[in-house]
Student: 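Attaching a single structure in structure tokens format; questions to follow.
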Amino acid sequence: MVSRVIPVDPFDLVVFGGTGDLARRKILPGLYRRFRDGQMPQQARVIAAARSDMDEAAYRAEIRAAIEEYIAPRHRDADTLDAFLSRVGYCAVDADGQDGWPGLAARMRPDVVRAFYFSVAPALFGSLAERLHDHGIADAQSRIVVEKPFGNDRASARALNETLAAYFDETQIYRIDHYLGKETVQNLMAVRFANILFEPLWNAQFVDHVQITVAETVGVGGRGSYYDGAGAMRDMVQNHLMQLLCLIAMEPPHRFEPDAVRDEKLKVIRALDPVAPGDIVRGQYAAAGGMTGYLEDVSNPASRTESYVALRVHVSNWRWKGTPFYLRTGKRLRARSSEIAVTFREPPHSIFGEDASWRENVLIIRLQPNEGIKLRVMIKEPGPGGMRLVNVPLDMSFAQALGPEGADIPDAYERLIMDVIRGNQTLFMRGDEVEAAWAWTDPVIAGWESRGERPCRYDAGTSGPEDALMLMHRDGRRWREIAP
Ligand code: NAP
């Protein structure tokens, strides 16, 4: 299989926060890979911006080290790296003050796409937009890329939308959710809408339930002070899990185009029922197996913030009435594993008798690790001795199906940045979508705050709180195992 790489138009991409963690780990290494594959054109340039006073040589040395750290040796070579770095510059700019802006303005070239990646703290998003506008750096064709978190609740998200709208049209604003850039997530849409097989069964009549799991092994790490004010519901559910739920539950858009897709996702969010208190389990990891506990990690012994949340969610529309969606996400769990599992109902009658106990078909969309899609089907166990059935996977792992190139799939960030340059907003969240997601999330959080609930404890390195098992057991179902 030879992949087709279509170069994008020449661009100037300014990465505000160019010395930060995200820029070093994801944005610059991702751009290197796009350059290596011929998608970033020779005339393209990247200008990193931050307050630190450093010359370009020092910045390039930092990025060389970052690429050597985050890109495997077999995917890089010295000449390509030199050629890439010659297109990378640095400009000291204060997002919050006046320093550096005329210098940045002077570096921008006419007649190329201008994109500005806001990889800085959210408190700086508004001042960056204002200064780009006031200094005449952004024009009507320019794009801004806004990182998460986009607000902390509906009111703050709306205020941020209004601030950005004062300087940029909605068609210029790219609110990034890197889950939408994952190859499998886009494949989910291909599987649903490019095949006749699944869509006729994609409703409450045939789907028993859906599980969406985003499990992490890491704790809060260096993000403790941010995370303790947010928790799993704000940090993961309002954005990533909600986006995955939308792609599973939405109606087929009339075309694979930005507003057609986003209109359908918005309808799903608006169809979500409020979550009943009994349909929520919150957890907080406790020290175990040599790992520290949450309270210690955030240096806040009184914290009631959840590092785990599981929810039973209902989409109240004709298609999904009666099919629950179970969502769970957490830190310090037993394995890093993100997947969506669509479990179909059992056949109405078994001609093989009752001993064929496990008759479910399950479509498993695996986001990480080992991206791929599996369909579990029933077949006959080989050999003589009668008709014994087994449930086996039909495996569509990219590495197996597409050869070595299937395994070397672009990281979500690099794909999404190329979409920004191409001017394609399909995989980015629209302002009204984000606000609607908060409008659903806010009462859930307000509910447990008003009840003064404490999260239940779970040992680090396990599958999460016992109570989360009950969320499914009482419905006669069980969570899939969290496995790498
Ligand atoms: P970080 O490591 O703290 O980096 C922040 C960057 O902002 C640095 O380059 C810093 O450089 C720059 N900066 C701070 N104040 C500035 C100012 N007044 N003017 C110009 N530059 C300024 O943060 P990060 O982890 O890279 O995160 C960046 C954004 O991405 C945040 O919104 C975060 O929520 C989001 N995000 C990050 C990750 C991740 O994995 N890291 C994941 C998802 C979302 P100077 O100090 O030199 O100015």
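For ligands, and for the atoms within them, numbers begin at 1 and follow the listed sequence. Because only heavy atoms are used, hydrogens play no part in the values below, and waters and symmetry mates are left out as well, while side chains stay in. Numbers here are sequence positions counted from 1. A quick note: this is a predicted structure, and the numbers were derived from the prediction, not measured.
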Student: Can you tell me which residue and heavy atom of the protein come closest to atom 21 (N) of ligand 1, and the distance to 0.1 Å?
Tutor: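 In this structure, atom 21 (N) of ligand 1 has A50 CA, 3.6 Å as its nearest protein heavy atom.
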Student: If you count every heavy atom of other residues, nucleotides or ligands that lies below 6.0 Å from E69 atom CD, does the total exceed 12?
Tutor: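 It does: E69 CD has more than 12 such atoms within range.
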Student: Students should be able to answer this: which protein heavy-atom is nearest to atom 26 (O) of ligand 1, and at what distance?
Tutor: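 Of every protein heavy atom, L22 N, 2.8 Å lies nearest to atom 26 (O) of ligand 1.
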Student: Please confirm whether the backbone N or O of Y59 pairs with a side-chain atom of R64, one donor and one acceptor, at under 3.5 Å?
Tutor: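 No, R64 side chain to Y59 backbone: no donor-acceptor pair under 3.5 Å.
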Student: What is the closest protein heavy atom to atom 33 (C) of ligand 1, and at what distance does it sit?
Tutor: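 The closest heavy atom on the protein side is K148 O, 3.6 Å.
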Student: What is the ring orientation for F16 with F118, classed by angle as parallel under 30°, tilted 30 to 60°, or perpendicular over 60°?
Tutor: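 Perpendicular: the ring planes of F16 and F118 meet at over 60°.
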Student: Please say which of K374, R366, R328 ends up in a salt bridge (Lys or Arg N to Asp or Glu O under 4.0 Å) with E339.
Tutor: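 Single pass found, and it is R366.
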Student: Just which atoms of ligand 1 are under 4.0 Å from any heavy atom in V120?
Tutor: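 Selected atoms, number and element: 7 (O), 28 (C), 29 (C), 31 (C), 32 (O).
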Student: Within the 4.0 Å heavy-atom shell around P122, which atoms of ligand 1 are there?
Tutor: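 Those qualifying, in numeric order: 32 (O).
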Student: If you count the atoms of ligand 1 from 1 in the order shown, which ones are under 4.0 Å from a heavy atom of L124?
Tutor: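 Numbered from 1, ligand 1 contributes 15 (N), 16 (C), 17 (C), 18 (N).
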Student: Would you mind listing which atoms of ligand 1 come within a distance below 4.0 Å of any non-hydrogen atom of V93?
Tutor: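 Counting atoms of ligand 1 from 1, those under 4.0 Å from V93 are 19 (N), 20 (C).
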Student: Is it the case that the side chains of K148 and H178 hold a donor-acceptor pair, with the cut-off being a distance below 3.5 Å and no angle test?
Tutor: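 The criterion, which ignores hydrogens and geometry beyond distance, is not satisfied for K148 and H178.
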Student: Is it the case that the side chains of D228 and Y294 hold a donor-acceptor pair, with the cut-off being a distance below 3.5 Å and no angle test?
Tutor: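 There is such a pair (donor and acceptor under 3.5 Å, judged by atom type) between the side chains of Y294 and D228.
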Student: Could you check atom 25 (O) of ligand 1 against the protein and tell me its nearest heavy-atom contact, residue, atom and distance included?
Tutor: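 For this ligand atom, the closest protein heavy atom is D21 CB, 3.6 Å.
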Student: Which bit of E147 gets closer than 4.0 Å to ligand 1, counting heavy atoms only: side chain, backbone, both or neither?
Tutor: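 Near ligand 1, E147 shows its side chain, while the N, CA, C and O stay back.
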Student: Check ligand 1 against D94 and write out every atom of the ligand that is under 4.0 Å from a heavy-atom position of the residue.
Tutor: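 Under 4.0 Å from D94, ligand 1 has these atoms: 17 (C), 18 (N), 19 (N).
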Student: Ignoring hydrogens and angles, state whether a donor on the side chain of Y458 or Q284 is under 3.5 Å from an acceptor on the partner side chain.
Tutor: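 Side-chain D/A pair, Y458 to Q284: absent.
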Student: For atom 14 (C) of ligand 1, what is the closest protein heavy atom, and at what distance to 0.1 Å?
Tutor: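 Result for atom 14 (C) of ligand 1: R51 NH2, 3.5 Å.
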Student: Is there a donor-acceptor contact under 3.5 Å from the side chain of R109 to the main chain of F11?
Tutor: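 Checking the backbone N and O of F11 against the side chain of R109, a donor-acceptor pair under 3.5 Å is found.
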Student: Enumerate the atoms of ligand 1 whose separation from the nearest heavy atom of T19 is less than 4.0 angstrom.
Tutor: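 In order of numbering, the contacting atoms are 8 (C), 9 (O), 10 (C), 11 (O), 47 (O).
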Student: How far is atom 19 (N) of ligand 1 from the closest protein heavy atom, and which atom is that?
Tutor: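 Going by distance alone, atom 19 (N) of ligand 1 is nearest to A95 N, 2.7 Å.
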Student: Under a 3.5 Å threshold, yes or no: a donor from one side chain and an acceptor from the other, between Q243 and E433?
Tutor: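 On atom types as modelled, these side chains qualify, holding a pair under 3.5 Å.
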Student: Do we see a donor-acceptor contact under 3.5 Å between the side chains of Y174 and D419?
Tutor: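 No, D419 and Y174 have no side-chain donor paired with an acceptor closer than 3.5 Å.
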Student: Crowded around R457 CZ? As in, over 12 foreign heavy atoms under 6.0 Å?
Tutor: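 No, the 6.0 Å shell around CZ holds no more than 12 heavy atoms from other groups.
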Student: Check whether NZ of the Lys or CZ of the Arg K182 lies under 6.0 Å from the centre of the six-membered ring of Y179 and within 45 degrees of that ring's axis.
Tutor: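 So K182 does make the cation-pi contact.
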Student: What protein heavy atom lies closest to atom 28 (C) of ligand 1? Include the residue and the distance to one decimal.
Tutor: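 I find the closest protein heavy atom is S119 O, 3.3 Å.
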Student: For S52, take its heavy atoms, then give the atoms of ligand 1 lying under 4.0 Å from any of them.
Tutor: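 Answer, ordered by atom number: 45 (P), 47 (O).
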Student: Among all protein non-hydrogen atoms, which one is nearest to atom 12 (C) of ligand 1, and what is the separation to 0.1 Å?
Tutor: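 Answer for atom 12 (C) of ligand 1: G17 CA, 3.9 Å.
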Student: I'd like to know whether ligand 1 has A49 as a neighbour, heavy-atom separation below 4.0 Å.
Tutor: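 No, that is not the case, since the closest heavy atom of the residue is not under 4.0 Å from the ligand.
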Student: With the threshold set strictly below 4.0 angstrom, can you tell me whether any protein non-hydrogen atom sits that near atom 3 (O) of ligand 1?
Tutor: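 So atom 3 (O) of ligand 1 lacks protein heavy-atom neighbours under 4.0 Å.
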Student: Which of the atoms in ligand 1, numbered in the order shown and given with their element, are less than 4.0 Å from a heavy-atom of P149?
Tutor: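 With P149 as reference, the close atoms of ligand 1 come out as 34 (O).
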Student: Would R175 pass as a cation-pi partner of F150, given that its NZ or CZ must be under 6.0 Å from the six-membered ring centre and within 45 degrees of the axis?
Tutor: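 Positive - R175 is close enough to the ring of F150 and near enough to its axis.
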Student: What do you reckon, does A23 have a nitrogen or oxygen under 3.5 Å from a nitrogen or oxygen of ligand 1?
Tutor: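 No, no N or O pair falls under 3.5 Å.
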Student: Under 4.0 Å, heavy atoms only, figure out whether ligand 1 is touched by the backbone of R25, its side chain, both or neither.
Tutor: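 Answer for R25: side chain.
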